[in-house]
Amino acid sequence: MFEDIEKKWQAIWESKPRKYDPNREILAIDTPPPFTSGTLHMGHILSYSYIDFIARYKMLRGYTVFYPQGWDAQGFPTEIKIENKYGRDLPREEFRQRCVEWSYEMIDKMKSQMRRMGYMIDWNHEYITMLPEYHRMVQESVIQMWKQGDIYRDNHPVLWCPHCESAIAKAELEDRDFDAVLYDIDFGTVKISTTRPELLHACVAVMVHPEDERYRSSVGKTAILPIYNREVPIIADQDVIPEFGTGAVMVCTYGDYQDLVWQKRHNLPVIEGIDKHGKLKNSNYDGLDTQSARERIVEDLKRLGAIVREQRYKKIVKVHDRCKNPVELIYSYEWFASLRKHRDKLIEVAKSIRWTPEFGIYHYIDWLNNLDWDWIISRDRVFGTPLPFYVCSKCNHIEPADSLPFYPERAEPKTCPKCGSYMSPESKVLDVWIDSSITPLVVSKYYQDRKFSEATFPNYIRIQGVEIVRTWALYTIYRVWRLTGKIPWREILLNGNVLAPDGRKMSKSLGNVISPDDLLKEYPVDALRQWAAMSGALAKDRPFSYEDIKYAKAFLIKYWNASKYVLSKLQRVSGNVRLRKVDRWILHRLSEVIRDVTDAMDRYEFREAITTLHKFYWNEFCDFYLEYTKWRFQENVDVEGAVYTLTKVQEEFSKMFSVFAPHLAYEVYWMMFGKEIDGWPTFSFYDEDAKREVERFNREVSMVRTYKISNRMSIKTPIESWKTNDHFDQELSEELRKVMNIKVIV
RNA sequence: GGGCCCGUAGUCGAGUGGCUAAGACGCCACCCUGACAUGGUGGAGAUCCCAGGUUCGAAUCCUGGCGGGCCCACCA
């Protein structure tokens with residue numbers, strides 16, 4: 001039953017033409033383009049359901065909503081898939097083509113999942129980051145930022161995998177335990193501890209803790225490197241741990257991240273110690289890899305008597321997640337976007353956006369305040385947007401590409417206007433966050449359609465995970481603000497992650513992954529969507545709950561059955577409508593629910609909204625009101641009032657419920673009124689007296705029910721008399737007798 | 001070490017100054033009642049993490065402690 005209804009309405013929604021009048025306000029939603037992995041996980045379902053709730057709510061409120069969907073196709077995982085399938089030796093263009101084909105397959109799979117969820121996405125406005133048109137927009141934006149001085153090329157330490165010969169990102173690091181040896185080496189005035197003696201030639205200073213009594217007198221003096229006999233300064237720094245080793249440490253460029261911090265902080269010189277192949281340079285051991293060099297230098301140091309102590313030491317080493325080889329920090333030419341110089345302004349800009357929940361902005365501010373260096377935007381990869389620049393091989397002069405999209409393989413050679421040398425097209429590609437950080441401009445057709453972008457930009461809202469505030473949200477705000485001088489969206493809404501039912505992260509190795517496809521075998525789409533709403537708290541991780549989705553399914557069945565009851569009474573409306581007190585009560589409650597749900601939706605409190613709807617419909621409308629109408633139909637008393645009230649509740653409830661459970665709500669509405677849901681409720685009817693009286697009345701009904709249960713009677717079993725301590729007027733006394741099958745009230 | 005979030009029945013959780021601290025799952029009892037047994041009705045079950053403080057009044061606000069989670073940094 002559910003499946004037929006789902007298919008029917010999905011087809012109707014998709015075939016509906018969407019019209020956007022650029023002369024009116026259009027609410028544009030900046031939806032996350034998922035990475036094209038081929039499957040949506042529960043986190044996607046949560047996030048995209050939130051988006052759909054907002055879109056449907058705003059549509060029903062009468063707004064024009066622009067709700068497109070994009071795909072973040074480019075990136076490392078796809079390259080690995082293709083490498084595994086075709087090897088590493090394909091020509092660049094062919095390799096990229098294979099990646100494109102593979103991504104299209106994945107998009108098809110994910111798209112059908114999204115359609116199955118009933119999302120009201122406008123598929124006529126899809127964007128994919130790997131397409132030439134998208135490349136063109138990205139490259140245009142990058143050239144503009146370069147012209148503004150926001151993008152520069154610089155020699156800078158980067159994380160480098162000597163095995164793969166590529167710069168890599170922090171996110172690609174993995175920790176691995178290594179058995180190392182900690183050597184204490186005599187530097188004349190001080191003894192230092194190190195696990196990497198082979199970097200001795202790249203040593204530029206020795207660090208000690210400022211409060212370390214042992215070295216207080218040495219600070220400001222120099223130490224002498226054995227073998228090389230070079231002097232380096234001894235400097236005091238808070239970051240040194242006096243308890244570790246000798247309490248003195250050599251700074252090399254670069255042994256690890258801490259070296260980089262110290263080198264920057266104390267303005268130390270740089271001696272490049274390792275080349276791109278992982279071999280030593282500028283040393284007495286040039287050409288050896290780090291392992292062999294270490295063995296050789298330890299021998300040499302021992303011969304000199306410079307090693308005063310060695311001890312076994314378990315060390316955590318950062319390795320490349322793909323090849324498991326240790327990474328190095330090396331100097332390399334890379335491209336950067338200058339985030340840091342705009343730090344204060346970026347915080348100010350972010351404050352003019354409405355963050356839900358509010359604390360989300362602290363993730364942003366905190367990160368921005370702790371940035372050590374600018375955003376490295378270049379990568380040595382293939383499946384990415386090429387950097388649209390030429391670099392002079394002699395004087396490093398930069399020229400932007402003349403025509404976009406720009407692909408280095410097909411680029412015409414250039415001559416440097418400065419020195420006349422050959423200019424080679426840059427072969428690096430851009431970080432994928434460069435692609436995805438202009439989505440508000442892409443959505444608004446900023447580079448294609450001025451009129452449309454004026455109506456849609458800044459976008460109404462961005463919805464995204466809290467864990468990528470530091471990347472996607474920050475980069476988007478930064479780029480869009482630098483490109484247009486405006487905020488990308490007026491609001492940003494953050495969602496959390498879905499954990500496994502046991503409260504841990506879902507992971508394949510733990511075997512606790514729950515997939516939407518599996519759930520949909522057992523639960524209707526509208527149940528899964530309600531789960532998303534019930535999952536509640538924004539920007540907070542929450543375990544997946546079978547209880548919630550079971551309840552959601554049970555609720556759908558309840559709604560369906562109650563609707564059948566209402567439907568069976570629908571034809572009988574005629575004559576004047578006289579409302580009894582119970583009618584006035586439920587209409588009053590309906591009005592309160594409309595008010596409360598509207599308010600909750602405006603605050604994006606979906607859990608509050610769906611819970612209010614559930615409780616009202618099941619615990620008030622079904623459990624009490626529906627029962628109150630049965631005798632009236634049997635005895636033909638005030639039937640018109642009952643029909644009017646049942647219909648009104650059903651109508652307004654279905655409109656609100658359609659945000660969360662659109663398939664069934666549209667079906668029920670269609671069966672009752674022969675048309676589609678076309679607006680948010682505006683109904684309002686308040687009767688405080690009826691509310692107070694009937695709530696007393698409900699309590700009395702519960703007491704009669706309790707009495708019958710405790711006497712092993714069925715609810716419908718008649719009883720002779722009932723003694724009440726409360727007082728009810730004639731109408732409610734009659735109601736009590738009829739509803740509970742009592743002969744006399746005393 | 002820095003930042004953020006959180007601690008309420010067996011479990012999950014609503015509630016951010018004031019009625020008897022929601023609701024769901026689970027548990028117990030009864031009821032096939034005519035929309036629904038994928039149901040109905042009722043019941044048991046809470047030192048609201050601990051200690052102070054503010055207040056006429058604290059689960060709620062403040063301080064400290066204990067415990068958990070997430071992100072970031074991290075020992076050469």
Side-chain angles (χ1 to χ4, degrees), chain A residues 170 175 180 182-183 192-197 199 203 206-207 238-252 254-259 261-262 313 315-316 318 357 359-367 369-372 466-470 496-497 499 501-505 534-537 539-548 550-569 605 607-608 611-612 614-615 618-619 622-623 626-627 629-631 633-634 646 701-717 741:
Chain A
K170 268 194 208 173
D175 286 346
L182 184 65
Y183 298 97
I192 63 99
S193 297
T194 183
T195 55
R196 300 198 67 182
L199 291 173
C203 174
V206 168
M207 292 287 158
Q238 292 288 345
D239 286 356
V240 178
I241 295 136
E243 296 77 31
F244 189 90
T246 61
V249 52
M250 67 169 178
V251 181
C252 306
Y254 299 96
D256 63 13
Y257 181 78
Q258 183 67 54
D259 287 337
V261 171
W262 280 327
Y313 177 63
K315 186 186 180 187
I316 294 164
K318 299 286 181 195
F359 68 76
I361 197 173
Y362 295 117
H363 289 261
Y364 174 97
I365 293 172
D366 179 45
W367 179 252
N369 283 332
N370 286 303
L371 277 180
D372 286 325
V466 68
E467 74 283 0
I468 52 173
V469 165
R470 294 179 161 135
N497 288 304
L499 305 174
D502 59 10
R504 293 189 292 179
K505 269 191 176 168
M534 293 163 83
S535 196
K540 222 175 109 181
D541 294 351
R542 188 161 183 264
F544 177 80
S545 159
Y546 279 104
E547 285 74 30
D548 284 352
K550 275 181 192 159
Y551 180 89
K553 185 181 179 185
F555 186 85
L556 291 174
I557 293 164
K558 188 79 185 173
Y559 171 61
W560 182 253
N561 284 314
S563 300
K564 278 196 316 205
Y565 173 80
V566 176
L567 206 56
S568 72
K569 309 298 180 198
E605 287 288 353
R607 183 190 177 95
E608 197 180 317
T611 306
T612 304
H614 282 158
K615 279 157 79 171
W618 199 323
N619 304 119
C622 290
D623 290 349
L626 225 58
E627 298 301 326
T629 64
K630 288 178 178 173
W631 71 274
F633 288 107
Q634 276 159 27
L646 286 169
V701 167
S702 291
M703 283 159 77
V704 182
R705 284 168 173 170
T706 310
Y707 169 80
K708 290 194 177 183
I709 294 297
S710 54
N711 287 283
R712 303 195 153 220
M713 280 182 235
S714 152
I715 297 296
K716 70 170 185 184
T717 309
N741 206 354

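All heavy atoms count here, side chains included; hydrogens, waters and symmetry mates do not. Residue numbers start from 1 in every chain, and the chains themselves are labelled A, B, ... in the order their sequence lines are given, proteins ahead of strands.
- Atom CG of A:Asn561 is separated from atom C1' of B:rG40 by 13 Å (rounded to the nearest Å).
- Residue A:Ser702 is classed as a sugar-phosphate contact, given heavy-atom separations below 4.0 Å to backbone atoms only.
- Under 4.0 angstrom from either OP1 or OP2 of B:rG40 there lies at least one side-chain N or O belonging to A:Lys558.
- The phosphate of B:rU38 has neither OP1 nor OP2 within less than 4.0 Å of any side-chain N or O from A:Trp560.
- Between A:Lys615 and the phosphate of B:rA14, there is no side-chain N or O to OP1/OP2 separation shorter than 4.0 Å.
- Pair assignment for B:rC70: B:rG3, on the basis of Watson-Crick or G-U wobble contacts that are both within less than 3.5 Å.
- In this structure, A:Lys708 contributes its side chain and A:Met713 its backbone to no donor-acceptor pair below 3.5 Å.
- Residue contacts shown for A:Val240 include a base, since a base heavy atom lies under 4.0 Å away.
- For A:Asp366, counting side-chain heavy atoms from C-beta on, the closest listed nucleotide (B:rA14, B:rC75, B:rG2) is B:rG2.
- In this model, a side-chain donor or acceptor of A:Gln634 finds a partner on the base of B:rG34 within 3.5 Å.
- Rounding to whole angstrom units, CD of residue A:Glu467 and P of B:rC70 are separated by 13 Å.
- No engagement by A:Ser545 is indicated, since no non-hydrogen atom pair under 4.0 Å with the nucleic acid exists.
- Across all strands, A:Trp618 comes closer than 4.0 Å only to sugar-phosphate atoms, never to a base (heavy-atom distances).
- If you check B:rA14, B:rC75, B:rA35 against the side chain of A:Glu627, the one that comes closest is B:rA35.
- Residue contacts for A:Asp623: at a heavy-atom cut-off of 4.0 Å it reaches the sugar-phosphate backbone alone, with no base atom in range.
- Residue A:Thr194 is in sugar-phosphate contact alone, with no base atom involved, counting any heavy-atom pair closer than 4.0 Å across all strands shown.
- Nucleic acid contact class of A:Ile365 (heavy atoms, under 4.0 Å, all strands): none.
- Side-chain proximity of A:Thr706 to the nucleotides B:rC75, B:rG42, B:rG39 is greatest for B:rG42.
- Using a 4.0 Å heavy-atom criterion, one finds that A:Cys622 contacts the bases of the nucleic acid, with or without backbone contacts as well.
- Base engagement by A:Lys630 is indicated by at least one non-hydrogen atom pair under 4.0 Å involving a base atom.
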